[in-house]
Amino acid sequence: MITKLEERITRPVPTAPERKPGGDGDGPAKPNVDRPDSSDLLKRMKRVDPDAARRYRQRSGQ
Amino acid sequence: MTCVGRDAAAASLDVTNFGAESIQVRAEHNRLLHTSPSRGTLLSIMARLFGIETEYGIAVEGKGAGDLIQESIALVRSYRGRFADRWNYRGEDSRRDMRGFTVERLSTNPDDAQFDLAGTPKMGHAEERSDRVLPNGARLYNDHGHPEYATPECCTLQDLVAHDRAGERILLECAERRAEEIKGEVHLYKNNTDYHGASYGTHECYLMNREAPTDTLIRALAPFLATRQIFAGAGKVGVEVDRRPEVGFQLSQRADFMSVVASVDTLHNRPLVNTRDEPHASPTKYRRLHVIAGDANMSEWATAMKVGTTELTVRLIEDGFCPKVYPKDPVALAKSVSREPSLGGCIEVEGGQRLSAIELQRVYAAEARVRLAGSSADADWTLDEWDRVLDDLETDWTLVADRVDWAAKRMLLEQFMKAESLTWQSPMMQSLDLAYHDIDPSAGLYYGLEQSGGMRRIVTDEAVASARTCPPQNTRAFLRGLFVRQFAEEIHSVGWNGISFRYEGEDWLFDMNPLVGEDVAALNEKFAGVETLADAVRVIRSRRAQASPA
């Protein structure tokens with residue numbers, strides 16, 4: 001299952017049409033981004049406190 | 001100070017009570033919209049102003065919900081950059097309804113009374129809000145126990161996404177500083193629920209033509225907003241209203257909290273279409289569509305599409321479009337779509353026709369393509385992505401897990417759930433849901449996905465870093481940011497539509513109500529070179545003389 005998770009997080013991302021980067025009015029672009037190995041995602045999930053949501057109380061906002 | 005009356009003939013300001021000269025910048029307005037005679041279609045010649053206001057969830061080690069107003073205030077006050085600290089509420093009245101009346105009071109959630117600590121001294125409004133108007137034109141403050149970040153006005157999707165993410169970074173720094181102060185943990189969540197029935201908002205604002213009839217606006221928007229969640233929903237584990245334990249995962253954080261189709265309320269009895277009438281611009285020409293039905297998005301693509309598709313829908317409405325299909329109960333529809341993650345549900349519309357949420361979205365997408373294709377780069381990008389995401393959702397929801405928050409979250413959580421032999425009802429699942437929205441890149445699950453390359457980006461990290469201090473160059477936010485950056489000591493108060501300041505021993509008001517057109521970019525260029533307040537006043541005066549020759 002760990003392998004499956006890693007497959008999920010490392011699978012290729014569909015690419016958007018090439019556009020010029022920056023806010024020059026050409027619509028959102030897909031910039032070049034670094035893709036570090038993030039195999040720690042599962043570890044990150046396991047570090048989550050199972051009681052975090054139970055304790056999490058907020059005032060109503062808008 | 002006298003506010004601009006809603007029926008005023010022009011965006012001029014009565015400053016009689018202000019006791020000083022007024023600076024009135026009269027921008028030469030283009031018509032907001034026009035109809036092309038050759039195509040019979042609407043073209044926008046104004047880059048529409050839009051923005052996002054996000055109320056963040058806050059968790060402080062050792063503190064409960066009763067402490068959150070104080071904690072939110074402390075967090076906002078830990079901001080260390082340059083700022084102006086007084087908000088100008090000129091023209092703001094959240095009780096005013098665009099349907100032509102003003103309510104006596106807004107509804108509040110009675111459950112919040114349990115968090116009001118006995119003996120806590122009442123604070124003044126300004127003290128409780130703790131406003132910070134930032135050099136990038138944004139507003140940071142405490143709103144009902146939530147740190148809120150309102151982006152500056154933007155007119156491109158890239159700018160908006162960059163500023164929305166810049167807000168996360170600014171809030172994260174505040175949280176880290178506060179954590180150091182208290183020697184404890186402080187977490188901020190960009191989400192909309194506490195899983196116990198309390199919701200807080202992520203609102204979108206769209207400046208729009210006031211001529212659009214209110215009833216058309218409501219009728220055309222309600223079905224769109226009820227179904228937009230299929231690509232803009234952030235996903236949620238569990239149900240908080242009308243609890244049905246068989247619903248493990250739903251598309252939207254916010255759908256549970258929608259109660260009526262249209263209302264001016266925001267804190268309780270929330271509507272799909274919020275009818276608050278606060279234009280933050282000339283009230284005779286504009287209204288500000290204040291969307292409160294949406295989710296906070298972690299995905300940049302989802303943020304851009306949420307706003308891009310809604311902006312196109314607003315343009316359709318301004319052009320007189322109203323879909324022929326209208327759900328029998330839009331509020332029930334919002335909930336049922338959210339609770340049917342298979343997207344297989346059918347919507348019964350007036351007249352007996354039945355269609356899916358995807359098909360209903362296609363009604364808007366198809367009309368937008370006919371009328372608005374080619375009108376702007378953002379419109380074309382949005383139209384293409386709209387079609388693509390609906391096609392993908394129709395094929396297999398996992399295809400959109402690289403850009404749609406609910407799908408990314410669901411895929412991640414389902415895999416963990418199976419690996420760990422859990423169920424949706426396991427407490428861990430809601431905690432993982434919460435962790436998806438943690439804005440700390442070293443801990444948040446969304447950020448884990450993004451760092452792995454699993455989520456589509458819309459802007460670069462450099463653009464986000466720039467947005468932390470630089471306002472958009474082509475909206476009036478540039479002027480707000482400039483005044484904060486260079487003349488903060490002289491500022492009395494700053495608002496969306498004006499800046500009051502002290503100059504040569506007198507109180508002045510820079511009326512920015514008219515500054516919502518395309519010519520603002522040219523004005524901003526003139527301001528870019530000013531070094532002193534006298535320079536700024538000179539530019540304003542020359543602009544006034546140019547716009548209003550004797």
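Computed from a predicted structure; not experimentally measured. A, B, ... follow the sequence lines: proteins, then strands. Residue 1 opens every chain.
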Would you mind reporting whether [Y] and [X] have side-chain heavy atoms less than 4.5 Å apart?
{"X": "B/Phe115", "Y": "A/Gln58", "answer": "no"}
{"X": "B/Arg270", "Y": "A/Gln62", "answer": "no"}
{"X": "B/Tyr447", "Y": "A/Leu41", "answer": "no"}
{"X": "B/Leu412", "Y": "A/Met45", "answer": "yes"}

Stepwise side-chain contact (heavy atoms from CB on, under 4.5 Å) check, B/Phe416 with A/Lys46: CA-CA 9 Å; B/Phe416 188 89; A/Lys46 288 193 167 185; 3.9 Å; yes
Check: B/Ala198 main-chain N/O paired with A/Ser60 side-chain donor or acceptor under 3.5 Å: no
Out of [options], return the one with the most heavy atom pairs under 4.5 angstrom to chain A.
{"options": "B/Cys155, B/Ala65, B/Ser466", "answer": "B/Ala65"}
{"options": "B/Glu300, B/Glu53, B/His144", "answer": "B/His144"}
{"options": "B/Leu413, B/Leu432, B/Asp111", "answer": "B/Leu432"}
{"options": "B/Gly201, B/Ser199, B/Pro427, B/Ala463", "answer": "B/Ser199"}
{"options": "B/Ser442, B/Cys154, B/Ala162", "answer": "B/Ser442"}
{"options": "B/Val161, B/Asp143, B/Ile58", "answer": "B/Ile58"}

Quick check on [X] against chain A: is it the side chain, the backbone, both or neither that has a heavy atom closer than 4.5 Å?
{"X": "B/His203", "answer": "side chain"}
{"X": "B/Ile292", "answer": "side chain"}
{"X": "B/Thr193", "answer": "backbone"}
{"X": "B/Glu55", "answer": "side chain"}
{"X": "B/Leu434", "answer": "side chain"}

Separation of B/Asn191 CG from A/Tyr56 OH (nearest 0.5 Å): 4.5 Å
Distance, nearest 0.5 Å, that separates CG of B/Asp194 from CZ of A/Arg54: 13.0 Å
Salt-bridge present (A/Arg44, B/Asp438; N to O < 4.0 Å): no
Heavy-atom closest contact (B/Ser431 atom, A/Ala52 atom, distance): OG-N, 3.3 Å
With B/Tyr436 via ring pair (Phe, Tyr, Trp, His ring centres under 6.0 Å) - residues at least two apart: B/Tyr446
By salt bridge (Lys or Arg N to Asp or Glu O under 4.0 Å) - contacts of B/Asp440 (at least two apart): none
Criterion salt bridge (charged side-chain N to carboxylate O under 4.0 Å, His left out) on A/Arg59 and B/Asp116, from CA distance to verdict: CA-CA 10 Å; A/Arg59 299 181 76 98; B/Asp116 293 333; 2.6 Å; yes
